[in-house]
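Keep in mind that this is a model prediction, so the values were computed, not measured.
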Amino acid sequence: MDRTRQQQALLLLPICLAFAFSLTAVVSSHWCEGIRRVVKPLCQDQPGGQHCIHFKPDNSSNGRMDNDSQAVLYIWELGDDKFIQRGFHVGLWQSCEESLNGEDEKCRSFQSVVPAEEQGVLWLSIGGEVLDIVLILTSAILLGSRMSCRSPGFDWLRVDALVAIFMVLAGLLGMVAHMMYTTIFQITVNLGPEDWKPQTWDYGWSYCLAWGSFALCLAGSVTAMSRFTAARLEFTEKQRAQNGSQHSQHSFPEPEASESVWKTGAAPRPAGQAFRNVSGHLPSGAPGKVSIC
């Protein structure tokens, strides 16, 4: 593999990483993670459980629980003992929360908890993320075709320029989409339903992958643009050198004096011979003349 192929492979690596990071972030649901404070349910179905409120009913004289509405329940948990903390994580598509036993999760659509006036912004954010992935994939395909195909009649410098443009567009679209999602999530935390609002939250690993893809997109764009600029300058210098060599070959014509000497058959005389007889070259009947050289 020559040096050009190595440079192309080094450029293709961050583009592939950016594509993997963006795709993983979009399909995952760990953009934001946190804890919800939920009231424990009553221990009716699971007596003796650890994640429920223990109570003692007021039994009637016959030993059975009174079905009257005035029945009294004696709850032993007080203060923070009545609450349980559940972990949750949210993505572009769904919001998941731990169950009481902590073994499985209960998920629902994130769009269902976003305020109605903000759902359009959520879809714009999702559209930006999807378009970001499409642009990165297109750049990877173009650069891969540049490495595999070596057609001499094709202007491959344009491919480098397109890769640079697509990557910077992908990075800017991703940045805008990430910021839109962050704003939507913060609004949902303040104005969302009470049975969803988290007590504490922070950004998750999917959010970090999304911003990592943004950084890789900008790095790939700068690298592709620098390669395009260097190749363009090299191509321009070669064109100038070729034009200069062709001009130098046609800029030295033979002197006219030498041509006239060879046509007349004259030859230089040695020094000291100052007279030349040219009467043999004159027409018959013309007087003889002697010319001094």
Which pair of heavy atoms, one from [X] and one from [Y], lies closest together, and at what distance?
| X | Y | result |
| --- | --- | --- |
| Ala177 | Glu129 | CB-OE2, 3.3 Å |
| Phe88 | Thr200 | CE2-O, 4.0 Å |
| Ala20 | Thr24 | O-OG1, 2.7 Å |
| Thr188 | Pro115 | OG1-CD, 3.7 Å |
| Ala224 | Val163 | CB-CG1, 4.0 Å |
| Met167 | Ile136 | SD-CA, 4.4 Å |

Under the side-chain hydrogen bond (donor to acceptor under 3.5 Å, both in side chains) test against His89, which residue among Glu33, Glu105, Gln94 passes?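 So the option named by the test is Glu105.
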Can you tell which of Arg108, Lys197, Lys106, Arg86 makes a salt bridge (Lys or Arg N to Asp or Glu O under 4.0 Å) with Glu97?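 Of all the options given, the one that passes is Arg86.
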Please confirm whether the backbone N or O of [Y] pairs with a side-chain atom of [X], one donor and one acceptor, at under 3.5 Å?
| X | Y | answer |
| --- | --- | --- |
| Ser213 | Leu209 | no |
| Trp93 | Val26 | yes |
| Ser22 | Phe19 | no |
| Arg36 | Glu98 | no |
| Tyr207 | Asp202 | no |
| Ser29 | Val90 | no |
| Ser221 | Cys217 | no |
| Ser145 | Ile141 | yes |

Determine whether Val222 and Met225 make a side-chain contact, defined as any pair of heavy atoms from C-beta on separated by less than 4.5 Å.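 Sidechains of Met225 and Val222: no contact.
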So Val121 and Tyr181, do their side chains get closer than 4.5 Å, heavy atoms only?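 Heavy-atom side-chain distance check fails, nothing below 4.5 Å.
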Is the centre of the Trp205 ring less than 6.0 Å from the centre of the Tyr203 ring?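 Between Trp205 and Tyr203, the centre distance exceeds or equals 6.0 Å.
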Spatial distance of atom [atom1] ([X]) from atom [atom2] ([Y]) [nearest 0.5 Å]:
| X | Y | atom1 | atom2 | result |
| --- | --- | --- | --- | --- |
| Gln111 | Ser95 | CD | OG | 13.0 Å |
| Thr138 | Ile15 | OG1 | CD1 | 11.0 Å |
| Leu135 | Leu173 | CG | CG | 6.0 Å |
| Leu23 | Asp132 | CG | CG | 10.5 Å |
| Ile126 | Phe110 | CD1 | CZ | 9.0 Å |
| Leu12 | Leu143 | CG | CG | 5.0 Å |

Applying side-chain contact (heavy atoms from CB on, under 4.5 Å), run through Met175 and Leu172 and close with a yes or a no. CA-CA 5 Å; Met175 179 188 67; Leu172 293 177; 4.2 Å; yes
Same apolar cluster (I L V M F W Y, side chains within < 4.5 Å links), [X]/[Y]:
| X | Y | answer |
| --- | --- | --- |
| Val113 | Leu124 | yes |
| Leu13 | Val168 | no |
| Ile184 | Ile187 | no |

Determine, step by step, whether Trp196 and Val189 satisfy the side-chain contact (heavy atoms from CB on, under 4.5 Å) criterion, reporting the C-alpha distance in whole Å, the side-chain angles of both residues, the deciding distance to 0.1 Å, and the verdict. CA-CA 8 Å; Trp196 179 86; Val189 169; 4.2 Å; yes
Positive for ring pair (Phe, Tyr, Trp, His ring centres under 6.0 Å) with His178, one of Phe21, Phe214, Trp31, Phe185: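 Going through the options one by one, the only one that passes is Trp31.
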